[in-house]
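Remember, predicted model here, so these are calculated numbers, not experimental data. Read the numbers this way: they start at 1 and go in the same order the structure lists the ligands and their atoms. Counting begins at 1 with the first residue of the sequence.
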Amino acid sequence: MQTKRFIITGDEKHDRAIYEEAAALIRAGELVAFPTETVYGLGANALDGEAVKKIYVAKGRPSWNPLITHVSSREMLNTLVRSYPKDFETLAAKFMPGPLTFLLPKTDIVPKEVSAGLDSTTVRMPNHPVALKLIAAAGVPIAAPSANRSGRTSPTTAVHVLEDLDGRIAAVIDGGTCAVGVESTVIDIMQEPPLILRPGGVTKEEIEAVLGRPVSVFKKSAEGTDDKGLPSPGMTLRHYAPNAKLINTGDTAESLFSELETQLTAGHKVGILLPSDWKLPAKQGSSKNVVIYDYGSWTDWQTMAQRVFDGLRWLDKQGVNVIIGPLPPEQGLGLALRDRLIRAAK
Ligand code: TXA
Ligand code: MG
């Protein structure tokens, strides 16, 4: 299959033709990758079980790992959701559209291929004009996991999508680089206290500030490799992995540079996710076995989150066999970054 590449230019007539063609592909049961504010999604008509099955095939995703359905309006959301728990309106007023995904009781129109047979389903309204226009043009909700091969690094550009899925999907819409860079936060508000199933673009602190009370975060089992049957299937899997071996170091320059020395001594070519304000010692900096990716300023978690997946992919392309980088503390977006980096290093 030849994968079409549609490029959004900002020219209204040109872009409208793209949305119409891509929407027609979605309605015909084909797969179209598209940008959201978090990462690129691999979309299919969420009401068409046969179309949704193609997502699992293209990605190589286990069939028990359910999908998020994306909507462009509240009316569309209402067709998917049976009832709303009390905190929904409070959170939706602030984070919809946005990188917050709700686990909610589903209606019968959501096929089992989307919910993996569960009675609840995850929904979100992305805060990205291209995603919203595509969904509205299709006139159907769009089920979409991240547009990468299962287990691999999530895509934040159309080029990343094509690296993994060229020839396996009908089209990709190129709408530039994603702003958030890590996936949405998935929250279960059917329980008390609400439970964050996956940390992501909306932070725990932001959610607690809006709700006015603490929420909890799902703690993964230490060595989950097959987490079929967990409250949120897919949450402890090895994921986001580069080809090179990823080693997470402590959150200081000393810790990072000492790991670098160890890896260089062992003869490895080492890629570094390097905070821009950490200066590499001269000897290591001049080594031909060191490749640096500019991670953004340490404590600027927003920039680091936006760059992390691009950094892992770019370092892989430089032919390094080890990648090292510091693990941020468990606060703000640091929580989502840690989750991705720890799973990528498994
Ligand atoms: O930012 C995002 O959320 C991106 C963009 C494309 O919207 N999508 C994304 O989808 O990250 P995916 O499939 O890679 O991750 C969705 C996660 C799954 O790992 C799954 O564990 C959880 O959400 N999930 C989905 N449906 C669920 C359900 N019915 N019950 C529990 N967990 C669910
Ligand atoms: Mg994913």
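- Salt-bridge formation is detected for the pair E261/K283: a Lys NZ or Arg NE/NH1/NH2 atom is positioned less than 4.0 Å from an Asp or Glu carboxylate oxygen.
- Proximity to A144 (heavy-atom distance under 4.0 Å) selects the following atoms of ligand 1: 6 (C), 8 (N), 10 (O).
- Under the 4.0 angstrom criterion for non-hydrogen atoms, K106 is not in contact with ligand 1.
- In terms of polar-atom proximity, defined here as any N/O pair under 3.5 Å, S184 does make such a contact with ligand 1.
- Ligand 1 has an N or O atom lying under 3.5 Å from an N or O atom of T122, backbone or side chain.
- Side-chain polar atoms of N289 and S287 form no donor-acceptor pair below 3.5 angstrom.
- Near S120, meaning under 4.0 Å from any of its heavy atoms, are these atoms of ligand 1: 29 (N).
- No side-chain donor from either of R307 and T177 sits under 3.5 Å from a side-chain acceptor of the other.
- With salt bridges taken as basic N to acidic carboxylate O contacts below 4.0 Å, one links D164 and R313.
- At a 3.5 angstrom cut-off on N or O pairs, T38 counts as close to ligand 1.
- Note: no N/O pair closer than 3.5 Å links T101 and ligand 1 by distance alone.
- With 3.5 Å as the limit, one finds a donor-acceptor pair spanning the side chains of T101 and S184.
- If you number the atoms of ligand 1 from 1 as listed, the ones under 4.0 Å from a heavy atom of H70 come out as 5 (C), 6 (C), 7 (O).
- Taking the charged nitrogens against the carboxylate oxygens, E37 and R124 do have a contact shorter than 4.0 Å, which makes a salt bridge.
- Those atoms of ligand 1 with a heavy atom of N65 less than 4.0 angstrom away are 18 (C), 19 (O), 20 (C), 21 (O).
- The Mg ion (ligand 2) has an N, O or S atom of S146 inside 2.8 Å of it.
- A side-chain donor-acceptor contact under 3.5 Å links S154 and E183.
- For the ligand labelled ligand 1, residue S146 lies inside the 4.0 Å heavy-atom shell.
- Shown in contact with T121 at under 4.0 Å from a heavy atom are these atoms of ligand 1, numbered in order with element: 29 (N).
- Each of the following atoms of ligand 1 lies closer than 4.0 Å to a heavy atom of G41: 6 (C).
- Between D119 and K106, no side-chain nitrogen of the basic residue sits less than 4.0 Å from a carboxylate oxygen of the acidic one, so the salt-bridge criterion is not met.
- Using a 4.0 Å cut-off between a side-chain N of Lys or Arg and a carboxylate O of Asp or Glu, E192 and K86 qualify as a salt bridge.
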